[in-house]
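Step one of this worksheet: look at the structure below.
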Amino acid sequence: MEKFIQLLEQSISQESLIYISFGNLRQKSNPYRKVTLRPVILRDQLFYQATYHYEKKVTHENLKQNECQSFCIQLLNNTFKQCNLFCVEADYQILAAKSDKLKIIKKSPSKTKDISQLSHNQEKQYLIPDGQPCDFLICLGVMTKEGKVIQKHYNKFRQINRFLEIISDVIDYLPDNPKIIDFGCGKAYLTFALYYYLNFKLKKKVTIVGLDLKEDVIDFCNGIAKQLHYDGLTFQMGDIAEYRETAKADMVVTLHACDTATDFALMKAVSWNASVILSVPCCQHELFSQIQNDINMPILKQGILKERFSAILTDSLRTLKLSEHGYDVSMIEFTSLEHTAKNIMIRAVLNQNTKHSQTAAMKKAAEEFKELCSFWHVNPTIAQL
Ligand SMILES: C[S@@+](CC[C@H](N)C(=O)[O-])C[C@H]1O[C@@H](n2cnc3c(N)ncnc32)[C@H](O)[C@@H]1O
């Protein structure tokens, strides 16, 4: 291990490290199969970005320079039997079947360091890249005709690409020709992106309906869909709560639909047994006027904390309700907090094993839901639907 530590120390301090890859798991039950690390520049500072490769997704963690060494040692000690270290001067293969007996094989370097690639943004491979004309982004004013993203719309462009990354992670749960509903689609940047990605990039025959209260927005979106010949994409005016379409949707998307509109969307999705639900709640006001708990008065007497806490409780209850109905639920970061505080997404995938019978996990979620409501003295819309 001593030699490995020296090697890491040297390559990190001299900034000669290009890439590290950990593989060959010690325990097959580990949730991720591989971890890779590469230097990135974020806000003019050098970080090491660790990428965890799961079966169907990847996640990232940015480490400071002084955290990188212990992170690597722990991985080799506890999780992986092999590490490949690519440095400017050489490649090293580290074999550690037993963590106290390492074998280090040095080879001539196979990678070169490209400083320009250290930039986080340049390195990022967007599913819809900047620089290539994309018809709906041009129509919606995000890109110029030449394909350059307009600076003031860069956050929207990033959000669209982040959304498509999340879609690519859930695609395996959808049928070949999925039917999708976007509740509260607004000006539909994300709805168009979804259609573009599934229909043109993944070649799926997708049907998407965008629903919104606003007539002018619906007319505008239908006009663009027609102009671009996005034949499977239509927009309807209506209230989510009143939506009576009975045909099943395979995926329900509801992004930033205000307050309890999200609950109506979630429960519609549940009633259809939708395979995937992606929801970014916002303006969770409902519980603010209900929430009450003596022990927690110090939190609740501060308006700003009460507001944030009400939002967290609302979303916790939503995730429990979805779990109670057989969904595997996770809360993920949608966009970076730097761009908007409305950045938490509920990602729910219907667990096929729970389709026909209630599992212990579903029962537990139902109990936890009741307990939480009673502890905080709340009766949220989602409980009533
Ligand atoms: C903040 S915008 C979000 C637009 C889009 N989903 C996005 O994330 O970019 C919220 C949209 O939800 C719509 N909305 C809110 N409540 C709704 C309801 N009950 N039924 C249908 N649409 C609703 C609003 O009209 C608005 O266009």
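Everything quoted here is computed from the prediction, not taken from an experiment. All ligand and atom numbering here is 1-based and tracks the order in the structure.
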Tell me which part of His256 gets within contact of ligand 1: side chain, backbone, both or neither, using heavy atoms under 4.0 Å.
both
Does the ring centre of Tyr230 sit less than 6.0 Å away from the ring centre of Phe200?
yes
Salt bridge between Arg162 and Glu165, side-chain N to carboxylate O under 4.0 Å?
yes
Between Tyr195 and Phe192, is the ring centre distance below 6.0 Å?
no
Distance-only N or O hit between ligand 1 and Asp239, under 3.5 Å
yes
Without swapping roles, check the side chain of Asn343 against the backbone of Glu333 for a donor-acceptor pair under 3.5 Å.
no
Go through the steps to decide whether Arg38 and Thr36 satisfy the test side chain to side chain contact (heavy atoms under 4.5 Å, CB included), and finish with yes or no.
CA-CA 7 Å; Arg38 67 183 179 97; Thr36 54; over 6 Å; no
Any idea which protein heavy atom is nearest atom 26 (C) of ligand 1, and the distance to it?
Asp212 OD2, 3.5 Å
If you have a sec, work out which protein heavy atom is nearest atom 3 (C) of ligand 1 and how many Å separate them, to one decimal?
Leu255 O, 3.5 Å
Whether Glu324 and Lys321 form a salt bridge (side-chain N of Lys/Arg under 4.0 Å from carboxylate O of Asp/Glu) is what I want to check.
yes
Gly184, any N or O under 3.5 Å of ligand 1 N or O
yes
Using a strict cut-off of 4.0 Å, indicate which atoms of ligand 1 neighbour a heavy atom of Ala261.
16 (N), 19 (N)
Note: ligand 1 atoms sitting under 4.0 Å from heavy atoms of Cys185 are 4 (C), 5 (C), 6 (N)
Is the closest N or O pair between Ala241 and ligand 1 shorter than 3.5 Å?
no
Pick, from Ala265, Cys258, Cys283, Gly238, the option with the minimum heavy-atom distance to atom 21 (C) of ligand 1.
Gly238
Contacting atoms of ligand 1, where contact means under 4.0 angstrom from a heavy atom of Leu213
16 (N), 17 (C), 18 (C), 20 (N), 21 (C), 22 (N), 23 (C)
Taking the ring centre of each residue, are Phe183 and Tyr243 less than 6.0 Å apart?
yes
Side chain or backbone of Ala188 under 4.0 Å from ligand 1, or both, or neither, by non-hydrogen atoms?
neither
Between Lys268 and Glu245, does a side chain to side chain contact (heavy atoms under 4.5 Å, CB included) hold up when you go through it step by step?
CA-CA 10 Å; Lys268 286 264 147 48; Glu245 177 71 57; over 6 Å; no
Take Asp239 and Phe264, measure what side chain to side chain contact (heavy atoms under 4.5 Å, CB included) needs, and give me the verdict at the end.
CA-CA 10 Å; Asp239 189 326; Phe264 286 96; over 6 Å; no
One finds that the ligand 1 atoms under 4.0 Å from a non-hydrogen atom of Gly186 are 4 (C), 27 (O)
Write out the residue and atom name of the closest protein heavy atom to atom 20 (N) of ligand 1, then the distance separating them to 0.1 Å.
Ile240 N, 3.0 Å
